[in-house]
Amino acid sequence: MIVAETIVDCRAAVAAAKADGKRVGFVPTMGALHDGHFSHIDRARRAEAFVAVSIFVNPTQFGAGEDLDAYPRPREADLDACRQRGVDLVFAPSVEQMYPDGPTGGRTSVHVAELPDTLCGRSRPEHFAGVCTVVAKLLNIVQPDVAYFGQKDYQQAAIVRRMVRDLDVPVEIVVGPTVREADGLAMSSRNAYLTDDERAQAVALSQALQLAADMIHNTHPPAGRVIEAMRAHLAGAAPLGEVDYIQIVDPDTLADVPATDRPVVAALAVRFPHARLIDNRVID
Ligand code: AMP
C-alpha cells in the first residue's frame with residue numbers, strides 16, 4: 001500500500017495505476033475509520049482494480065466552535081485497517097499540502113446553490129462550501145473513475161452529485177447505504193464522543209426514523225404529523241438530546257414536502273452534550 005502525503009506523490013501513484021489500465025475507485029474520508037467507511041472501501045475493492053482512500057480532516061468544513069481540534073486522528077490504526085482491506089493508495093495530506101495559503105487563504109470556493117440552504121446547512125452555514133471545495137480538490141488530485149459516498153450524509157451526497165453534474169467532473173458517484181450498530185445507531189466517528197448515557201439515548205434517532213417509516217407506510221399522514229410524532233419520541237427517549245431539526249424532504253430537491261404519499265427522506269439532527277448526531281431514511 002502506498003501512503004502519499006503530497007499531491008505530486010498521489011498523482012504519480014494514480015497515473016501509474018491508470019497506465020496499467022486499471023480503473024480507480026476513490027473513498028474520501030476524514031479518518032477514524034469504522035464499518036461505514038469500510039463498506040465503501042470493500043465495495044470499491046470488489047468493483048475496481050485500484051482503490052484509493054483519502055484521510056484528511058478538512059478544516060474548512062468545520063464552523064467556529066465545532067470539533068476540528070478534538071476530531072479523532074488515529075493515523076496508524078487507519079493505515080493498518082486500509083492495508084488489511086487491500087487498499088492500494090492512501091492519500092493523507094497535511095493541511096499545508098491542501099491549503100498552502102492557509103485554510104482561509106484560497107480565493108476559490110465551490111458553492112452549490114439552494115441544496116445547502118436546508119437540513120444541516122441551516123445550522124452549519126459554511127459547511128457545504130467547505131465540503132464541496134475539498135471534494136472538488138480531491139477529485140482533481142485523484143481523478144478517480146468512481147467515487148463512493150455514504151447515504152448517512154444524505155445532503156452531502158446530493159450536493160456532491162449536483163456539483164459533479166454542474167461542473168462536468170468526469171467521475172461516477174456511488175452512494176452506499178448507512179451502516180449501523182446492532183441497536184440501529186448510525187456509525188459515525190463522532191459516536192466516540194458520547195457518554196454512556198448519551199450513547200444509550202442516541203438509539204432514539206433511528207427509532208424516530210423507524211416510527212416515521214411505519215406511519216408513512218401505514219397511512220401517509222401529513223408530514224407535519226410525522227414530524228410531531230418523531231419529536232415526541234425523541235423528547236421521551238432522548239432527554240439529553242436537543243433537536244436541531246427534523247424534516248421530511250423531497251429526495252432530489254431536499255425541499256420540505258407537506259405530503260407523504262410519494263418517496264420522501266426523513267432526516268434529523270440531534271445535539272447531545274458531547275456530539276451532534278445526524279441520521280436519515282429514504283421512505284418509498
Ligand atoms: P467522514 O469520514 O465522516 O467524512 O465520512 C466519509 C464517508 O463515509 C462519507 O461519504 C460518509 O457519508 C460515509 N459514512 C460515514 N458514516 C457512514 C455510515 N455509518 N454508513 C455508511 N457510510 C458512512
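Scope of the values below: all heavy atoms of this structure, side chains included, with no hydrogens, waters or symmetry mates. All ligand and atom numbering here is 1-based and tracks the order in the structure. All residue numbers in this chain count up from 1 along the given sequence.
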Decide if atom CZ of Arg165 counts as having more than 12 heavy atoms of other residues, nucleotides or ligands within a radius under 6.0 Å.
no

Can you pull out every salt bridge (charged side-chain N to carboxylate O under 4.0 Å, His left out) where at least one residue sits in residues 51-70? Sequence neighbours excluded, please.
Glu66-Arg124, Asp67-Arg190

Distance under 6.0 Å and angle within 45° of the ring axis: does Arg23 meet both against Phe50?
no

Do we get Lys137 above Tyr99's six-membered ring, with its NZ or CZ under 6.0 Å from the centre and within 45° of the axis?
yes

Please give the N or O to N or O pairs under 3.5 Å between ligand 1 and the protein, distances rounded to 0.1 Å.
from	atom 1	to	atom 2	distance (Å)
ligand 1	2 (O)	Met30	N	2.9
ligand 1	2 (O)	His37	NE2	2.8
ligand 1	5 (O)	His37	NE2	3.4
ligand 1	10 (O)	Gly150	N	2.9
ligand 1	12 (O)	Gly150	N	3.2
ligand 1	12 (O)	Gly150	O	3.3
ligand 1	12 (O)	Asp153	OD2	2.6
ligand 1	16 (N)	Met187	O	3.4
ligand 1	19 (N)	Val179	O	2.9
ligand 1	19 (N)	Met187	N	3.4
ligand 1	19 (N)	Met187	O	2.8
ligand 1	20 (N)	Val179	N	2.8
ligand 1	22 (N)	His40	NE2	2.8

Against Asp244, only a single residue in Arg231, Arg271, Arg122 fulfils salt bridge (Lys or Arg N to Asp or Glu O under 4.0 Å); can you say which?
Arg271

Heavy-atom count around Arg262 CZ within 6.0 Å, excluding the residue itself: above 12?
no

